[in-house]
Amino acid sequence: MATVPRSPAASAGLQGARCAACSVTVYPADEACPRCGGPADPAALSGTGTLWTWTVQRHAPKSPPYEAPDGGFAPFAVGYVELAEGVRVAAVIDVDDPADLRIDMPLTLHAAPGDGVPRARPVPVSAVEEEVS
């Protein structure tokens with residue numbers, strides 16, 4: 001599989017791709033559009049969105065490749081974050097209590113190169129209130 005070049009803006013966040021022919025945006029980046037097969041250009045994605053759906057992973061993944069941390073396995077939330085570009089990105093959701101998660105809650109998303117699955121965090125309430133004002 002060929003490597004899609006990264007745009008400079010993507011170095012701190014999500015690198016997707018956008019089809020020049022039909023405007024479909026995808027994550028992760030791919031050189032071909034999944035809808036029409038046309039060429040896709042690198043596109044830095046916003047990294048902010050809303051929780052589309054989620055669940056809690058209550059059992060340790062198979063090993064290998066999973067390696068349990070020193071304290072052992074702890075359940076964690078995973079879900080899809082829908083970005084402003086319309087892309088839904090699977091992510092680990094970093095929250096203290098998964099019971100606090102709500103569909104459509106605002107999240108920020110980050111994917112550093114080599115870190116594997118993107119991670120999402122709830123947007124602080126103060127930031128959401130400022131945006132509404």
Side-chain angles (χ1 to χ4, degrees):
M1 172 188 251
T3 302
V4 175
R6 295 176 56 79
S7 70
S11 62
L14 297 170
Q15 175 65 40
R18 185 169 296 112
C19 177
C22 69
S23 300
V24 164
T25 302
V26 296
Y27 178 86
D30 197 344
E31 61 185 17
C33 175
R35 180 186 290 163
C36 72
D41 298 320
L45 302 178
S46 64
T48 59
T50 57
L51 184 58
W52 187 71
T53 193
W54 62 276
T55 191
V56 177
Q57 173 75 31
R58 298 189 188 280
H59 302 282
K62 289 185 178 183
S63 183
Y66 175 75
E67 294 179 25
D70 291 337
F73 174 78
F76 58 94
V78 293
Y80 282 96
V81 179
E82 186 167 28
L83 302 179
E85 295 88 351
V87 178
R88 292 181 186 143
V89 178
V92 172
I93 306 168
D94 295 322
V95 290
D96 292 329
D97 184 357
D100 294 337
L101 294 173
R102 300 286 180 263
I103 300 299
D104 290 330
M105 73 184 297
L107 298 170
T108 59
L109 196 58
H110 181 75
D115 280 353
V117 177
R119 300 190 80 87
R121 292 183 180 269
V123 173
V125 174
S126 59
V128 173
E129 290 171 352
E130 288 175 16
E131 215 173 271
V132 173
S133 302

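For the single chain, residues carry numbers from 1 onward in sequence order. Given the structure is predicted, the values throughout are model-derived calculations rather than measurements.
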request  = Indicate yes or no: at least one non-hydrogen side-chain atom of D100 is less than 4.5 angstrom from one of P122.
outcome  = no
In residues 55-63, what donor-acceptor pairs under 3.5 Å come from side-chain atoms, sequence neighbours left out?
residue: Q57; atom: NE2; partner: H59; partner atom: O; Å: 2.5
residue: S63; atom: OG; partner: Y66; partner atom: O; Å: 2.7

message = Minimum heavy-atom separation for A90 and V117, please, with both atom names.
response = O-CG1, 4.1 Å
query = Would a distance-only check, ignoring hydrogens and angles, find a side-chain to backbone donor-acceptor pair under 3.5 Å from E85 to T25?
reply = no
task = Measure the shortest side-chain to side-chain distance between L107 and T48 over non-hydrogen atoms and say whether it is less than 4.5 angstrom.
result = no
message = Testing the basics here: between V24 and V26, what is the closest heavy-atom pair and its distance to 0.1 Å?
response = CG1-CG1, 3.9 Å
inquiry  = Does this structure show an ion pair linking D41 with R18, if we count only N-O contacts that are shorter than 4.0 Å?
reply    = no
pair R88-E82: side-chain heavy atoms closer than 4.5 Å = yes
note = Separation between CG (D94) and CZ (R119), nearest 0.5 Å, reads 4.0 Å
remark   = Minimal heavy-atom distance between G37 and A32, with the atoms involved, is O-CB, 4.3 Å
ask   = Taking C-beta and beyond as the side chain, do C33 and P39 meet within less than 4.5 Å on heavy atoms?
value = no
query = So do the side chains of I103 and W54 get within less than 4.5 Å of each other, counting heavy atoms only?
reply = yes
request  = Grab the two heavy atoms, one from D30 and one from A17, that are nearest each other, plus how far apart they are.
outcome  = O-CB, 3.3 Å
message = Is the shortest side-chain heavy-atom distance between Q15 and P42 below 4.5 Å?
response = yes
Smallest separation among heavy atoms of G47 and L14, with atom names = CA-CD1, 3.9 Å
query = Under a single-linkage definition using a 4.5 Å side-chain heavy-atom cutoff for Ile, Leu, Val, Met, Phe, Trp and Tyr, are Y27 and L109 assigned to the same hydrophobic cluster?
reply = yes
query = Out of curiosity, E31 CD to C19 SG, how far, rounded to the nearest 0.5 Å?
reply = 12.5 Å
inquiry  = Between L83 and T50, is the side-chain contact (heavy atoms from CB on, under 4.5 Å) condition met? List the steps.
reply    = CA-CA 7 Å; L83 302 179; T50 57; over 6 Å; no
query = Under 4.5 Å between any side-chain heavy atoms of V87 and V89, yes or no?
reply = yes
ask   = If we only count heavy atoms from C-beta on, is the P118 to V92 side-chain gap below 4.5 Å?
value = no
